[in-house]
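Note that these values count all heavy atoms, side chains included, but never hydrogens, waters or copies made by symmetry. Per chain, numbering begins at 1; letters A, B, ... match sequence-line order.
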Number of protein chains: 2
Amino acid sequence: MGIRESNPQDALVLEGDEHLPLYRRLYLTVAKRIANGEWRPGDALPAELDLAKQYGVAPGTIRKAIDELVDDGLIERRHGSGTFIRRPNFDNMMVRFFLFRDPAGNMIMPESHIVSREIVPASADVAANLKMREGDDVIKVTRHRHWEGQARLLEDIFLPPARFSAILSHTPEEIGPLLYPAYERLCGQLVCFIEEEISITDVSPDDAGLLKLSSDDLVVAIERLAKDASGHPMEWRISRGEARRFRYKINVS
Amino acid sequence: MGIRESNPQDALVLEGDEHLPLYRRLYLTVAKRIANGEWRPGDALPAELDLAKQYGVAPGTIRKAIDELVDDGLIERRHGSGTFIRRPNFDNMMVRFFLFRDPAGNMIMPESHIVSREIVPASADVAANLKMREGDDVIKVTRHRHWEGQARLLEDIFLPPARFSAILSHTPEEIGPLLYPAYERLCGQLVCFIEEEISITDVSPDDAGLLKLSSDDLVVAIERLAKDASGHPMEWRISRGEARRFRYKINVS
DNA sequence: TGGCATTTGTACGTATGTATG
DNA sequence: ACATACATACGTACAAATGCC
């Protein structure tokens, strides 16, 4: 995985078990080509009829595969124009959960401070989420988000070194305020899916000091696992912020 | 809306604006037939080929409409058997958010106590959500959920009287512990979609007393709007529970 | 402005596979 | 063994939006 020279023949060999439906194998094949960085966000896929010819399938079959890729948010269609690789915008999601607004009610964007970057042995938690072995090397990035001159959100971010060594070798200025664009720019890695788990707990003594909370205050802890287009885990992080500032909206059916 | 004798001819007149795609109008038509109670949860829809003949469309067209109804959770397919009206299970969702487990780690089901049922004028909030006018009559049901002999979840539930008068005229025993099945059984109303908004606030003095929390504790407040198969609002409720017990999981793409 | 090629969107129709009862 | 119903796959035709010349 990661950026590599794609073997053009690879693209025409279908991914997945041969008993899977054709449209499903086409889905997996295109998803893998995206995960491999063959196309970058904003790039156009070949036209549906071209893809159908390349893979030797009917237009309706490749169309069904593309439909599901659109449903899953990996690509988007533009009528009359083409089908394009999407760039999901997860990086600011956390910010939307927390209520920081100026007196006029506008959302305030936080500053981002990378506090440390180091290689540490993976804890059981981190290893399980990143599909590594306990004790394997992982990159740990500690970051604080500030609003109004005060740290409001504390983040511990864990990355597998194989794909993300560039995060250690660049300056914070080169990395910039948003991590997911940096993963894409510096490591050729695109985040396509995330899973999050939200819970409310007592604040730890360290966090209380940094967030300027009293020891009996509560924090919201958000654990996030980020995955690439093929569903392989890329990043695991845990973020903590003051519980009282939290708000979240859902639709279910 | 509500239960009514369906005019058989109605079913063959397509819903929606005539410039909408055919599959979309078929979606709306079937959704409306479900909202009208023409089929009950568990009932089978006519076979795809039958529906195609009835509406005079190609099999692929009705299939696309059914695909989207499945995506939206209104119906489910069973290969080789048929397509059936689904009964979404939202009523216990709230319970899944809160961590109440026995020593073995199993989920504990709460008892349900209906504390009061009355007609009140709609507040601005309630009116906006239920698409009524402020001051209009609404049914207000107050319910407490108990774990281990203690109220843990407080719920204020608001219903438009037009569809839900049966909730006032039946005994709590007839209503039973779960409201959505009661809406279906007593009022012919099926909840198909919900929107929820989660926030964390200080506990009100009344709630603190009922939940046995101290006045500086925090509660999670969950506001929920429930809708029928056609997307019309049916019920609005606000539930409060101890913040520390809260846990929630999400997938995004 | 208009025309034209390209590309997705909608709709039709058919054949065959596979699970269920 | 059989009929029924959904699942997959094929292929075609035309509509509608876009972008370029």
To the nearest Å, how far apart are [X] [atom1] and [N] [atom2]?
| X | N | atom1 | atom2 | value |
| --- | --- | --- | --- | --- |
| B/Glu76 | D/dC6 | CD | C1' | 13 Å |
| A/Leu20 | D/dA7 | CG | P | 16 Å |
| A/Asp67 | D/dT8 | CG | C1' | 14 Å |
| A/Ile62 | C/dG9 | CD1 | P | 14 Å |
| B/His19 | D/dA16 | NE2 | P | 12 Å |
| B/Lys53 | C/dC12 | NZ | C1' | 16 Å |
| A/Arg63 | D/dT8 | CZ | C1' | 17 Å |
| A/Ile75 | C/dT7 | CD1 | P | 15 Å |

[X] has a side chain; which of [options] sits nearest to it?
| X | options | answer |
| --- | --- | --- |
| A/Arg77 | C/dT14, C/dT8, D/dA9 | C/dT8 |
| A/Ser81 | D/dG19, D/dA9, D/dA7 | D/dG19 |
| B/Ala58 | C/dG13, C/dT8, D/dT12 | C/dG13 |
| A/Tyr23 | D/dT8, D/dC6, C/dG9 | D/dT8 |

Between [X] and [N], is there a contact of a side-chain N or O with OP1 or OP2 at under 4.0 Å?
| X | N | answer |
| --- | --- | --- |
| A/Thr61 | D/dA9 | no |
| B/Arg78 | C/dT20 | no |
| A/Lys64 | D/dA9 | no |
| A/Thr83 | C/dT7 | no |

Note to self: Just to be sure I understand the rule, does B/Gly60 reach a base, reach only the sugar-phosphate, or reach nothing, if contact means heavy atoms closer than 4.0 Å?
What the structure shows: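 Nothing, no nucleic acid heavy atom in range.
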Check: Do the side chain of A/His79 and the base of D/dT18 come within less than 3.5 angstrom through a donor-acceptor pair of N or O atoms?
Finding: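 Answer is no: no donor-acceptor pair is held.
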Next item on the list: If a pair satisfies salt bridge (Lys or Arg N to Asp or Glu O under 4.0 Å) and one of its residues is in residues 57-66 of chain A, list it, with sequence neighbours excluded.
Entry: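 Listed by first then second residue: A/Glu48-A/Arg63.
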Next item on the list: Check the surroundings of atom CZ in B/Arg133: do more than 12 heavy atoms from other residues, nucleotides or ligands lie under 6.0 Å from it?
Entry: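 No - once you tally the heavy atoms of other residues, nucleotides and ligands closer than 6.0 Å, there are 12 at most.
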Notebook entry, point to check: So, A/Glu223 and B/Arg247, do they make that salt bridge, N to O below 4.0 Å?
Noted result: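 Yes, charged N to carboxylate O under 4.0 Å.
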Margin query: Looking at B/Lys131 and B/Asp136, is there a salt bridge between them, counting it only when a charged N and a carboxylate O are closer than 4.0 Å?
Written below: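 Result for this pair is no, no salt bridge flagged.
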Checklist line | Pairing partner (Watson-Crick or G-U wobble, both distances under 3.5 angstrom) of C/dG3 | finding: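 When the pairing criteria are applied, D/dC20 turns out to be the nucleotide that pairs with C/dG3.
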Check: Does a side chain donor of either A/Tyr23 or A/Glu68 reach within less than 3.5 Å of an acceptor in the other side chain?
Finding: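 No, because no side-chain N or O of A/Tyr23 sits under 3.5 Å from a partner of the opposite role on A/Glu68.
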Check: 5'-most contact on DNA chain D: A/Val57 or B/Leu45, nearest heavy atom basis?
Finding: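 Nearest nucleotide further toward 5': that of B/Leu45.
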